[in-house]
There are 2 protein chains.
Amino acid sequence: MSRSNPRVLSTLERAGGFASAQEIYRLMQREGESIGLTTVYRALQSLVNDKIVDVLRRDDGEAIYRLCGEAHHHHLVCKGCGDTVEIEGGAIEKWAKMMAEEHGFRDVGHTAEIFGLCAKC
Amino acid sequence: MSRSNPRVLSTLERAGGFASAQEIYRLMQREGESIGLTTVYRALQSLVNDKIVDVLRRDDGEAIYRLCGEAHHHHLVCKGCGDTVEIEGGAIEKWAKMMAEEHGFRDVGHTAEIFGLCAKC
DNA sequence: AACGGAAATGAAAACCATTTTCATTTGTGC
DNA sequence: GCACAAATGAAAATGGTTTTCATTTCCGTT
Ligand SMILES: [Mn+2]
Ligand SMILES: [Mn+2]
Ligand SMILES: [Zn+2]
Ligand SMILES: [Zn+2]
C-alpha cells in the first residue's frame, strides 16, 4: 500500500504551501517529468494516509494538499489568496479531550480549521 | 437576482441540519413536487448569497447547506458505528476568534469535529 | 383582455475533479 | 530467466455542479 511516489512528494515540497493534484501534475509536466495524473492522485492519497501531508478543500471543492510539519497543528487559511498559517491548538486539544470524556468516547482525534480573509485580501 | 425559491427553502428547513442540493432535489421529488435540479442549485446559491443559508463542503467535496438560523454546534462522531453527538463549542469559538485576530484575519469561520470510539464500540 | 419585455424554469449538454478499469510495465525473490 | 506481485497510466466512467438555450411564467402598460 506504499504508493508514496517520491517525485510527487518532492514536487509538493517544491511547490511550497498548498497545491492541488492537477497543479502538481501540470508542474511535473512543465518540468519534463513523465508521470500520469492517476499516479499523482494515488501518491497524494497515500501521503495523506501516512499523515505526511494534510488535505483540505478549496471553496470550489478542489482538494488541496500540503506537507504537514512534525508537530500536530491546525491551519488558518485565507479564502482569498490561499495563504496558510500554522497555528497552535492547545485549546482545541483540551476541548476535544473534555468532550470525548464527557460522552464516553475513547481513542479520539480531531480536525479543526479556521477560514477567513487575511490582512492582504 | 432574487431566485430564493420558497419551496427549496422550505424543504431545507424540513430536512433539518445539513443537506446537499442533490438530497434536497430527491426529497422534493419523493414528495411529488415538480422542480428541476438546476432550479434547486440556483435557489441554494441565491440563499447563500442572501446569507440565509450557510454552505460548506463534505469530505467528499459535495456542498452541503444549512439554515443560518440554527445554532452553531460541532460533532462528536463514532468511527465504529457512525453515531453522532452534537456538542457545544464555546472553547472553539474563542480559539478561532483569538487566532484570527492574532494573525490579522477577518470574516472568519471554522470547522471542528472530533472522531473516536463511542462507549458501545 | 392583449401585448411585450424581463425573469424564471428545466432538460440536456458541457464541465471538471476524481475514481475506476484494465492492459502493460516494472520490480523482486528464487 | 521465471513467476508473481506491485506500480503505472491511458482511457473510460462517475458524479456533482455549471452552462446553454428554448420555453414558460410574471408583471407592468396600454
Ligand atoms: Mn492538525
Ligand atoms: Mn463552532
Ligand atoms: Zn489572503
Ligand atoms: Zn460507536
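Evaluation of the side-chain hydrogen bond (donor to acceptor under 3.5 Å, both in side chains) rule for Glu102(B) yields no partner, not counting sequence neighbours. Under the side chain to side chain contact (heavy atoms under 4.5 Å, CB included) criterion, Thr111(A) pairs with Glu113(B), Phe115(B), sequence neighbours left out. Scored by the side chain to side chain contact (heavy atoms under 4.5 Å, CB included) test, Ala21(B) finds Val40(B), Tyr41(B), Leu44(B), Tyr65(B) as partners (sequence neighbours excluded). Not a single side-chain hydrogen bond (donor to acceptor under 3.5 Å, both in side chains) links Arg42(B) to another residue, sequence neighbours left out. Applying the side chain to side chain contact (heavy atoms under 4.5 Å, CB included) criterion to Glu23(B), with sequence neighbours excluded, gives Ala19(B), Ser20(B), Arg26(B), Arg58(B). Contacts of Arg7(B) classified as side chain to side chain contact (heavy atoms under 4.5 Å, CB included), with partners at least two apart in sequence or in another chain: Asn5(B), Met28(B), Glu33(B), Ile35(B). For Glu13(A), the side-chain hydrogen bond (donor to acceptor under 3.5 Å, both in side chains) criterion is met by no residue, not counting sequence neighbours.
A side-chain contact (heavy atoms from CB on, under 4.5 Å) with Tyr25(B) is found for exactly one of Thr39(B), Leu37(B), Val8(B), Thr38(B), namely Leu37(B).
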If you restrict it to nitrogen or oxygen atoms, what contacts under 3.5 Å exist between nucleotides 23-29 of chain C and the protein, and what is each distance?
none

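Here dT9(C) is the nucleotide among dA17(C), dT18(D), dT9(C) with the atom lying nearest to any side-chain atom of Asn5(B). When distances run from any side-chain atom of Arg42(B) to the nucleotides dT19(C), dG10(C), dT18(D), the shortest one goes to dG10(C). Of the candidate nucleotides dT17(D), dT18(C), dT9(C), dT17(D) has the atom nearest to the side chain of Leu37(B). Distance from the side chain of Tyr41(B) is smallest for dT18(D) among the nucleotides dG10(C), dT8(D), dT18(D).
At a threshold of 4.0 Å, the pair Arg66(B)-Asp54(B) counts as salt-bridged, since one of the basic side-chain nitrogens sits closer than that to a carboxylate oxygen.
We find that CG of Leu47(A) is positioned 13 Å from P of dA7(D), with the value rounded to whole Å. One atom, CD of Gln45(A), and another, C1' of dA6(D), lie 16 Å apart when rounded to the nearest Å. Rounded to an integer number of Å, the gap from CZ of Arg3(B) to P of dA8(C) is 5 Å.
The bend of the helix from dA1(C)-dT30(D) to dC30(C)-dG1(D), defined by the angle between the axes of its first five and last five pairs, stands at 20° to the nearest 10°.
Between Ile87(B) and His103(A) there is a side-chain heavy-atom pair separated by less than 4.5 Å. Between Leu67(B) and Leu47(B) the shortest side-chain heavy-atom distance does not fall below 4.5 Å.
Shown for residues 14-34 of chain A: residues whose heavy atoms fall under 4.0 angstrom of DNA chain D, namely Ser34(A). Listed in residue order, the members of residues 51-64 of chain B having a heavy atom less than 4.0 Å from DNA chain C come to none.
Taking the six-membered ring for Trp and the full ring otherwise, the centers of His110(B) and Trp95(B) sit at least 6.0 Å from each other.
In this structure, Leu27(A) stands alone, with no Ile, Leu, Val, Met, Phe, Trp or Tyr side-chain heavy atom under 4.5 Å from its own, directly or through other members.
Between the side chain of Thr38(B) and the base of dA11(C), at least one donor-acceptor pair of N or O atoms lies under 3.5 Å.
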